[in-house]
Amino acid sequence: MNITTIGRGTIGGGLARFWQQAGHKVTLLGRDGGDASDADVVLVAVPSGSISDALGRVTGLEGKIAVDATNAFTGRDERYESLAHEVKAQTKGPVAKAFNANVGVLFDRVGDQRVRPGCLYAADRRGARDHTAADSRRGLRAREAGWAR
């Protein structure tokens with residue numbers, strides 16, 4: 001599978017390493033943008049306040065399947081109902097909301113586990129929301145359980 005990650009940080013870079021190790025062709029795009037025409041799927045892993053700017057620097061996004069791994073830490077464009085809606089407005093394709101910035105601290109430790117975690121955090125049934133105290137409590141429980149640093 002051809003995967004393009006937009007964002008080279010903890011989430012984008014970490015997932016890119018796993019996907020490359022699994023045999024996928026991965027293209028990492030950063031602040032300068034680039035071309036995603038060859039991608040089967042695009043991972044969007046940029047700060048929430050820069051979604052439109054980051055995606056505006058990437059060509060070949062039209063109709064692509066996007067995985068939205070953004071988290072609302074640096075504000076967001078209030079014209080959109082959610083971060084995923086902003087990603088969809090830019091890519092004009094299907095968008096799956098996934099991951100959480102708390103998971104990024106685990107990337108370097110997943111391979112050391114006897115059994116890989118399937119899901120570390122329960123989904124919020126109320127839908128998309130900004131980072132809250134509940135996220136911090138989940139992160140604290142993960143650290144106490146030995147999953148996070």
Side-chain angles (χ1 to χ4, degrees), residues 1-111 113 116-132 134-139 142-143 147-149:
M1 178 178 285
N2 292 332
I3 304 168
T4 295
T5 67
I6 302 170
R8 299 178 184 167
T10 301
I11 302 296
L15 288 170
R17 279 193 318 273
F18 281 132
W19 290 330
Q20 286 170 331
Q21 290 169 0
H24 298 288
K25 178 183 173 209
V26 180
T27 302
L28 286 99
L29 302 179
R31 296 187 198 302
D32 295 334
D35 185 17
S37 297
D38 291 338
D40 296 312
V41 66
V42 174
L43 172 74
V44 182
V46 300
S48 57
S50 62
I51 294 171
S52 292
D53 182 50
L55 295 180
R57 296 172 189 262
V58 177
T59 59
L61 286 175
E62 182 93 15
K64 296 286 182 193
I65 297 168
V67 176
D68 171 17
T70 61
N71 286 277
F73 291 122
T74 60
R76 68 180 185 90
D77 189 332
E78 297 292 333
R79 292 177 296 172
Y80 299 99
E81 186 178 335
S82 69
L83 300 177
H85 284 89
E86 186 174 358
V87 171
K88 184 172 181 61
Q90 301 296 319
T91 61
K92 297 173 181 51
V95 176
K97 181 69 180 168
F99 307 107
N100 179 294
N102 292 331
V103 173
V105 300
L106 305 177
F107 285 155
D108 292 336
R109 299 182 65 193
V110 169
Q113 304 306 314
R116 288 186 175 210
C119 178
L120 298 174
Y121 305 103
D124 185 325
R125 296 176 200 269
R126 293 170 290 166
R129 60 176 167 67
D130 291 349
H131 177 71
T132 66
D135 293 316
S136 297
R137 286 191 299 276
R138 280 196 285 283
R143 281 189 297 282
W147 283 104
R149 294 180 198 150

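Below, each value reflects all heavy atoms present in this structure, side chains not excepted, and no hydrogens, waters or symmetry copies.
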Next on the checklist: Could you measure the distance from the CG atom of Leu28 to the CZ atom of Arg8? Nearest 0.5 Å is fine.
Outcome noted: 6.5 Å

Checklist outcome for this item: Of all heavy-atom pairs linking Pro94 and Gly63, the shortest is CD-O, 4.1 Å

Next on the checklist: Within the structure provided, determine whether Val41 and Met1 are in side-chain contact (heavy-atom separation under 4.5 Å).
Outcome noted: yes

Checklist outcome for this item: Contacts of Asp38 meeting side chain to side chain donor-acceptor pair (under 3.5 Å) (sequence neighbours excluded), chain-then-number -> none

Item to check | CH2-OG1 distance between Trp19 and Thr5, expressed to the nearest 0.5 angstrom | outcome: 7.5 Å

Checklist entry - Between Gly12 and Ala45, what is the shortest heavy-atom contact and its length? => result N-CB, 3.7 Å

Item to check | Results of side chain to side chain contact (heavy atoms under 4.5 Å, CB included) for Asp35 - residues two or more places apart only | outcome: Ser37, Thr59

Item to check | The single option from Ile6, Val58, Leu55 passing side-chain contact (heavy atoms from CB on, under 4.5 Å) against Val42 | outcome: Ile6

Checklist entry - Does Leu83 reach the side chain of Lys97, with side-chain heavy atoms less than 4.5 Å apart? => result yes

Checklist entry - Taking Ser82 for the side chain and His85 for the main chain, is one N or O donor matched with an acceptor at less than 3.5 Å? => result yes

Next on the checklist: So, using side chain to side chain donor-acceptor pair (under 3.5 Å) as the criterion, who are the partners of Thr27 when residues are at least two apart?
Outcome noted: none

Checklist entry - Mind checking what makes side chain to side chain donor-acceptor pair (under 3.5 Å) contact with Ser52, not counting sequence neighbours? => result Glu86, Gln90

Next on the checklist: So, taking the atom named CG in Asp53 and the one named CG in Asp77, what distance separates them when rounded to the nearest 0.5 Å?
Outcome noted: 11.5 Å

Checklist entry - Is there a side-chain contact between Val67 and Val44 (heavy atoms, below 4.5 Å)? => result no

Checklist outcome for this item: Sequence neighbours excluded, the answer for side chain to side chain donor-acceptor pair (under 3.5 Å) partners of His24 is none

Item to check | Results of side chain to side chain contact (heavy atoms under 4.5 Å, CB included) for Glu62 - residues two or more places apart only | outcome: Lys92

Checklist entry - Is there a donor-acceptor contact under 3.5 Å from the side chain of Lys25 to the main chain of Gln20? => result no

Checklist entry - Hey, does the side chain of Asn2 reach the backbone of Asp40 with a donor-acceptor pair shorter than 3.5 angstrom? => result no

Next on the checklist: Within this structure, what is the OG1-CG distance for the pair Thr4 and Leu29, rounded to the nearest 0.5 Å?
Outcome noted: 5.5 Å

